[in-house]
Amino acid sequence: QVQLVESGGGLVQAGGSLRLSCTITGRTSSTYGAGWFRQTPGKEREFVAAIWWRGGGAYYTDSVEGRFTISLDNAKNSIYLQMNTLKPEDTAVYYCSEALPNGSTWAHFGAWGQGTQVTVSL
């Protein structure tokens, strides 16, 4: 059974940085990827960034391109999201999951972690 645990959220002023971590245990394959998604109250969860476990590139939604960087550590079964130049509109609960490409974006599959709150103040 795949389990995901996110950490690293918090309160930061606009322009600041945070680094999110996600440890994924129980996965049995490296043929897919992993990603970060976020959700604000009343809105659907949206794709933020994804990366292939086997390498080959990272993918971002337009609104975070150039500000966020996704990375992974295979040995630790972990993915990370370095978030720089944060904006109030980045405020959300951030979730990690296993993921696969879906058209022009990525879709999660399987379990979600509990999420970690990121709040960006003016």
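Just so we're clear, the structure is a prediction, and the values are computed from it rather than from any experiment. For reference, positions follow the sequence shown, starting with 1.
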(request) Could you tell me whether a side-chain N or O of Thr91 sits under 3.5 Å from a main-chain N or O of Glu89, the two making a donor and an acceptor? (result) no
(request) List the steps and the verdict of side chain to side chain donor-acceptor pair (under 3.5 Å) for Ser17 and Asn84. (result) CA-CA 4 Å; Ser17 299; Asn84 298 329; 2.9 Å; yes
(request) Nearest 0.5 Å please: distance from the OG1 atom of Thr61 over to the CZ atom of Phe37. (result) 10.5 Å
(request) Look only at the side chain of Tyr60 and the backbone of Ile70, and say whether a donor-acceptor pair between them is shorter than 3.5 Å. (result) yes
(request) Indicate, with yes or no, if Ile51 and Tyr80 share a hydrophobic cluster defined by side-chain heavy-atom contacts under 4.5 Å among Ile, Leu, Val, Met, Phe, Trp and Tyr. (result) no
(message) Run Lys87 and Val120 through side chain to side chain contact (heavy atoms under 4.5 Å, CB included) and show every step you take.
(response) CA-CA 6 Å; Lys87 303 176 180 180; Val120 184; 5.5 Å; no
(message) I'd like to know if the side chain of Asp73 reaches the main chain of Lys76, judged simply by a donor and an acceptor atom lying under 3.5 Å from each other, with no hydrogens or angles considered.
(response) yes
(message) Do Cys22 and Trp36 make a side-chain contact, defined as non-hydrogen atoms from C-beta onward lying under 4.5 Å apart?
(response) yes
Let me have the donor-acceptor pairs involving side chains of residues 1-16, under 3.5 Å, with sequence neighbours excluded, atom names and distances please.
unit_1	atom_1	unit_2	atom_2	d
Glu6	OE1	Gln114	N	3.0
Glu6	OE1	Gly115	N	2.9
Glu6	OE2	Cys96	N	2.9

(message) For a side chain to side chain contact (heavy atoms under 4.5 Å, CB included) check, start with the C-alpha distance between Leu100 and Trp52, then their side-chain angles and the critical distance, and finish with the verdict.
(response) CA-CA 9 Å; Leu100 283 170; Trp52 291 105; 4.1 Å; yes
(request) Measure from NZ or CZ of Arg45 to the centre of the six-membered ring of Tyr95 and say whether it is under 6.0 Å with the direction within 45° of the ring axis. (result) yes
(message) If you define the side chain from C-beta out and look only at heavy atoms, does anything of Asn77 sit under 4.5 Å from Thr25?
(response) no
Throw together a table of side-chain donor-acceptor distances under 3.5 angstrom for residues 106-113, partners on residues two or more places apart or in other chains.
unit_1	atom_1	unit_2	atom_2	d
His108	NE2	Gly110	O	3.4
His108	NE2	Trp112	NE1	3.2

(request) Check for a donor-acceptor pair, side chain of Asn74 on one end and backbone N or O of Trp53 on the other, with a separation under 3.5 Å. (result) yes
(request) Could you tell me the separation between the OH atom of Tyr59 and the OG atom of Ser104, rounded to the nearest 0.5 Å? (result) 13.0 Å
(message) Is the shortest side-chain heavy-atom distance between Gln117 and Tyr94 below 4.5 Å?
(response) no
(request) Check whether any side-chain heavy atom of Arg67 lies under 4.5 Å from a side-chain heavy atom of Asp90, and answer yes or no. (result) yes
(request) Please answer whether the main-chain N or O of Val93 pairs with a side-chain N or O of Arg38 as donor and acceptor at a distance below 3.5 Å. (result) no
(message) Quick check: closest heavy atoms across Gly35 and Ile79, and the distance to 0.1 Å?
(response) O-CD1, 3.8 Å
